[in-house]
Trainee: 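This is the structure, below, for whatever I ask next.
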There are 2 protein chains.
Amino acid sequence: MDTTTSGPGDEGPADTPGGVEKMPTIRDVAKLAGVATSTVSRALSNPARVNRYTRERIVEAAAQLNYVPSSQAQGLSNGRTNAVAVLVPDITNPFYFDIIRGAQHQLKAAGYTQVLVDTEESSEMELEALHRMRSADGFILAASRLTDAQLAEVSKTQPLVTINRASTPSVVIDTPSAIVQALEHLASLGHRRVCYVSGPATSWSSQKRWEVLDEESSLRGMETCRIGPYAPKTTSGAAAADAATRTGATACIVFNDLLAIGMLQRLRERGIRVPEDVSIVGCDDIFGADFCNPPLTTIASPIEQAGRVAVTMLLSQLNPVPGATIRQRAVMPTHLTIRASTGPAPDNVHG
Amino acid sequence: MDTTTSGPGDEGPADTPGGVEKMPTIRDVAKLAGVATSTVSRALSNPARVNRYTRERIVEAAAQLNYVPSSQAQGLSNGRTNAVAVLVPDITNPFYFDIIRGAQHQLKAAGYTQVLVDTEESSEMELEALHRMRSADGFILAASRLTDAQLAEVSKTQPLVTINRASTPSVVIDTPSAIVQALEHLASLGHRRVCYVSGPATSWSSQKRWEVLDEESSLRGMETCRIGPYAPKTTSGAAAADAATRTGATACIVFNDLLAIGMLQRLRERGIRVPEDVSIVGCDDIFGADFCNPPLTTIASPIEQAGRVAVTMLLSQLNPVPGATIRQRAVMPTHLTIRASTGPAPDNVHG
DNA sequence: CAATTTTTGGCAACAGCTTGCCACCTTCTC
DNA sequence: GAGAAGGTGGCAAGCTGTTGCCAAAAATTG
């Protein structure tokens with residue numbers, strides 16, 4: 001906008017070669033506006049506290065100097081950093097991407113900055129980050145690998161909200177209810193024996209999914225079996241696919257899409273047709289689920305929204321509104337998205 | 001580890017309900033170790049400066065109190081935040097994913113934290129972030145939407161490194177050389193007329209790719225045409241596909257995989273076979289390029305590595321080693337990965 | 001017009017850490 | 001044994017904002 005610096009009154013050593021120009025401080029603004037620093041501080045953060053005309057003068061001076069308050073210093077004196085850390089087990093996984101995206105979006109809207117941390121599927125790293133990171137006002141734990149006890153412990157001293165974890169506060173994606181839908185879908189296609197391909201042993205959601213699946217399928221007179229655990233990566237899909245074919249199941253419900261897509265690739269390699277020979281249901285509806293081959297029937301979750309809601313919950317915890325109560329739990333709805341990886345059960349039953 | 005707090009000498013208001021316990025400061029450590037705060041500071045950051053035994057006492061005291069220095073305060077006094085901001089035009093895009101991942105990895109290794117900013121394809125937001133973010137020591141600009149002039153201006157006052165941009169310092173992915181490979185590949189398959197499907201108008205790399213493509217193809221006696229610009233999203237693929245079919249080209253080289261995958265979907269819908277009727281070459285080899293239908297022939301780039309190198313360059317700029325010179329430019333090699341989306345040109349030429 | 005209340009803005013003490021400078025204490029040297 | 005040299009550690013002044021408290025100024029009231 002204003003390139004005032006190019007004026008003739010070239011005051012100070014402008015353009016320090018290779019150096020960064022010194023940023024203006026609140027004191028510079030105060031001097032220019034002819035007031036005390038405290039007045040500047042108040043004018044900017046608590047406008048009602050200072051006379052209108054003085055304030056205008058200050059604002060103008062600040063604009064002229066291109067003044068931006070140092071969040072570091074602000075944080076120092078008022079104890080908050082205006083940053084929140086988002087911990088994910090594996091940035092590689094597109095599932096977390098959507099969470100990151102949702103969180104980022106909401107945080108930005110609230111004037112917070114997002115600090116991203118990859119805990120590499122390790123509970124130690126997670127714990128470490130939780131303790132070390134004094135530079136965050138709060139934490140979002142996406143698919144924490146911590147035990148319930150650790151989680152409870154940490155949440156005593158750190159504001160946090162989890163995603164897909166039975167703790168408080170937390171936002172959980174209601175996959176179980178969609179598992180039922182998936183089961184109905186498979187049942188109506190004539191499948192009687194379905195295999196659950198499970199995710200990491202420490203994954204709370206993988207556990208939950210299996211429980212619901214097992215229970216609901218017996219209600220419907222269907223048989224189940226379980227294989228795994230597998231790492232939630234496409235590369236684990238090959239092993240999962242091979243194991244799955246040996247279970248005699250005509251359909252698989254897979255912990256997540258990544259794994260499911262990996263299985264799809266392997267099955268194709270082995271000449272096993274999907275869905276003619278076996279049906280596959282994924283979970284999460286991640287990027288790619290719609291254009292893989294065949295397109296994946298999957299349990300769609302509003303992942304990005306989950307990220308957003310998590311942030312909202314965290315922020316309401318950080319800045320409590322006197323009247324309102326803090327929401328402790330949000331459940332995100334899910335639904336089955338049927339694509340081409342599921343089809344009628346092969347009728348070799350009477351063969 | 002140590003649950004010392006449960007001891008009988010319950011000093012202080014432990015377990016403030018809902019509150020966060022006060023973190024120990026350098027003074028607490030100093031008191032416990034019986035030294036001055038300055039000594040503690042030095043013991044931790046400049047070990048050589050303090051007697052070994054004193055240091056051990058201090059370290060132990062710090063451990064006992066579970067002391068972690070406040071990076072805020074550190075930053076305030078020494079002027080650095082130990083954070084770097086990574087600006088991407090669109091977190092949605094898997095391409096940036098890999099960059100983020102690479103950067104995150106390298107930053108963590110160096111003890112820095114990563115602040116992620118989505119500039120939403122807007123140069124204003126980019127500029128704004130560059131000016132506002134006093135909380136970062138430096139910036140990584142992935143696919144900046146700024147003009148060369150703006151970039152030059154900003155880099156005078158902020159340490160930064162760009163990715164895929166002709167500025168310094170910068171890491172560029174050598175797509176042009178792989179464009180040649182792609183062209184050879186297509187030529188050997190009998191294609192004579194290829195269409196370039198271009199990305200955003202402000203994208204430097206899209207521009208570069210076209211220039212190389214145009215030049216090299218005429219050297220080989222091939223015809224080219226160009227359509228676009230298109231937003232680099234799968235959803236833009238439909239329009240791109242439709243436009244491409246009208247150019248009479250038998251092969252398309254597409255700005256990036258996202259767009260290419262979108263085209264694949266659209267072509268399939270319209271019953272146009274890939275690669276029988278038209279060949280498609282993407283760019284970036286993002287997540288999904290290997291399992292879409294058909295798997296995409298694409299120009300593979302070491303994107304994650306680019307993120308890492310960018311960080312390395314930035315850090316060497318932030319912490320110059322007296323002897324070494326700072327690398328101003330890194331070129332990442334690329335290669336063509338041939339999958340199933342390219343095949344022999346349809347021989348309707350003499351039809 | 002004096003007394004009281006409300007505004008407004010300044011002083012100075014923090015917040016937690018770093019660092020230049022100086023003083024003290026050992027060692028060492030002649 | 002006195003003086004020099006070097007190693008340690010403390011003092012205090014920063015770094016940039018925020019905020020409780022108070023005084024001066026302005027507005028209100030009787």
Side-chain angles (χ1 to χ4, degrees), chain A residues 19-62 65-83 111 132-137 319, chain B residues 20-59 61-62 65-83 111 132-137 319:
Chain A
V20 177
E21 303 185 29
K22 208 153 174 37
M23 305 237 48
T25 77
I26 201 172
R27 276 170 255 273
D28 299 322
V29 178
K31 204 178 300 169
L32 184 57
V35 296
T37 62
S38 48
T39 308
V40 176
S41 173
R42 280 192 280 257
L44 298 178
S45 58
N46 187 358
R49 186 64 175 64
V50 61
N51 182 286
R52 187 176 152 195
Y53 301 107
T54 323
R55 171 156 34 99
E56 279 173 3
R57 230 171 50 241
I58 291 173
V59 169
E60 192 177 336
L65 292 177
N66 224 303
Y67 167 74
V68 180
S70 147
S71 47
Q72 303 233 89
Q74 282 185 153
L76 227 208
S77 64
N78 65 20
R80 30 185 36 220
T81 63
N82 265 36
R132 275 299 113 93
M133 293 271 307
R134 291 182 55 178
S135 55
D137 289 340
N319 317 303
Chain B
V20 176
E21 303 184 28
K22 205 149 176 41
M23 305 236 48
T25 77
I26 201 174
R27 274 174 264 273
D28 299 323
V29 179
K31 205 178 300 169
L32 183 57
V35 296
T37 62
S38 47
T39 308
V40 175
S41 173
R42 278 192 282 257
L44 299 178
S45 59
N46 187 359
R49 186 63 175 66
V50 61
N51 182 289
R52 189 175 150 195
Y53 301 108
T54 324
R55 170 155 36 96
E56 278 172 3
R57 231 171 50 239
I58 291 174
V59 168
L65 293 176
N66 222 303
Y67 167 74
V68 181
S70 147
S71 49
Q72 302 234 89
Q74 281 185 157
L76 232 206
S77 69
N78 65 19
R80 29 185 37 220
T81 63
N82 264 39
R132 276 297 114 93
M133 293 272 307
R134 291 181 56 179
S135 54
D137 289 341
N319 317 306

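Owing to the predicted nature of the structure, the values given are computational and were not obtained by experimental measurement. Scope of the values below: all heavy atoms of this structure, side chains included, with no hydrogens, waters or symmetry mates. Just so it is clear: chains get the letters A, B, ... in the order the sequence lines come, proteins before strands, and each one is counted from 1.
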Trainee: Between the main-chain N or O of Ala30(A) and the side-chain N or O of Thr37(A), is there a donor-acceptor pair closer than 3.5 Å?
Mentor: no
Trainee: Check whether any side-chain N or O of Arg55(A) sits under 3.5 Å from a backbone N or O of Ala43(A) as a donor-acceptor pair, and report yes or no.
Mentor: no
Trainee: Based on the rotation axes of five pairs at each end, what angle does the helix from dC1(C)-dG30(D) to dC30(C)-dG1(D) bend through, to 10°?
Mentor: 40°
Trainee: Are more than 12 heavy atoms, taken from residues, nucleotides or ligands other than Glu60(A), located less than 6.0 Å from that residue's CD atom?
Mentor: no
Trainee: Looking only at heavy atoms, what is the nearest atom pair of Thr39(B) and Thr54(B), with distance?
Mentor: CG2-CG2, 4.4 Å
Trainee: For every nucleotide of nucleotides 14-24 of chain D, 5' to 3': is a protein heavy atom under 4.0 Å from its base (B), only from its sugar-phosphate (S), or from neither (-)?
Mentor: BBBBSBBB---
Trainee: Please find the pair of heavy atoms, one from Gln72(A) and one from Arg80(B), that lie closest to each other, and give the distance.
Mentor: NE2-O, 4.1 Å
Trainee: Using a 4.0 Å cut-off to any heavy atom of chain A, which nucleotides of DNA chain C are the first and last in contact, reading 5' to 3'?
Mentor: dT8(C) to dG16(C)
Trainee: Between atom OG of Ser71(A) and atom CZ of Arg132(B), what is the distance when rounded to the nearest 0.5 Å?
Mentor: 11.5 Å
Trainee: Atom CG of Asn51(B) to atom C1' of dG10(D): distance rounded to whole Å?
Mentor: 15 Å
Trainee: How close do Leu44(B) and Tyr67(B) get, counting heavy atoms only, and between which atoms?
Mentor: CD1-CE2, 3.7 Å
Trainee: Looking only at non-hydrogen atoms, find the nearest pair between Ile58(B) and Val29(B) and report the distance.
Mentor: O-CG1, 4.0 Å
Trainee: How close do Ala73(B) and Leu76(A) get, counting heavy atoms only, and between which atoms?
Mentor: CB-CD2, 4.1 Å
Trainee: CG/Asn51(A) to CZ/Arg42(A) distance, rounded to the nearest 0.5 angstrom?
Mentor: 13.0 Å
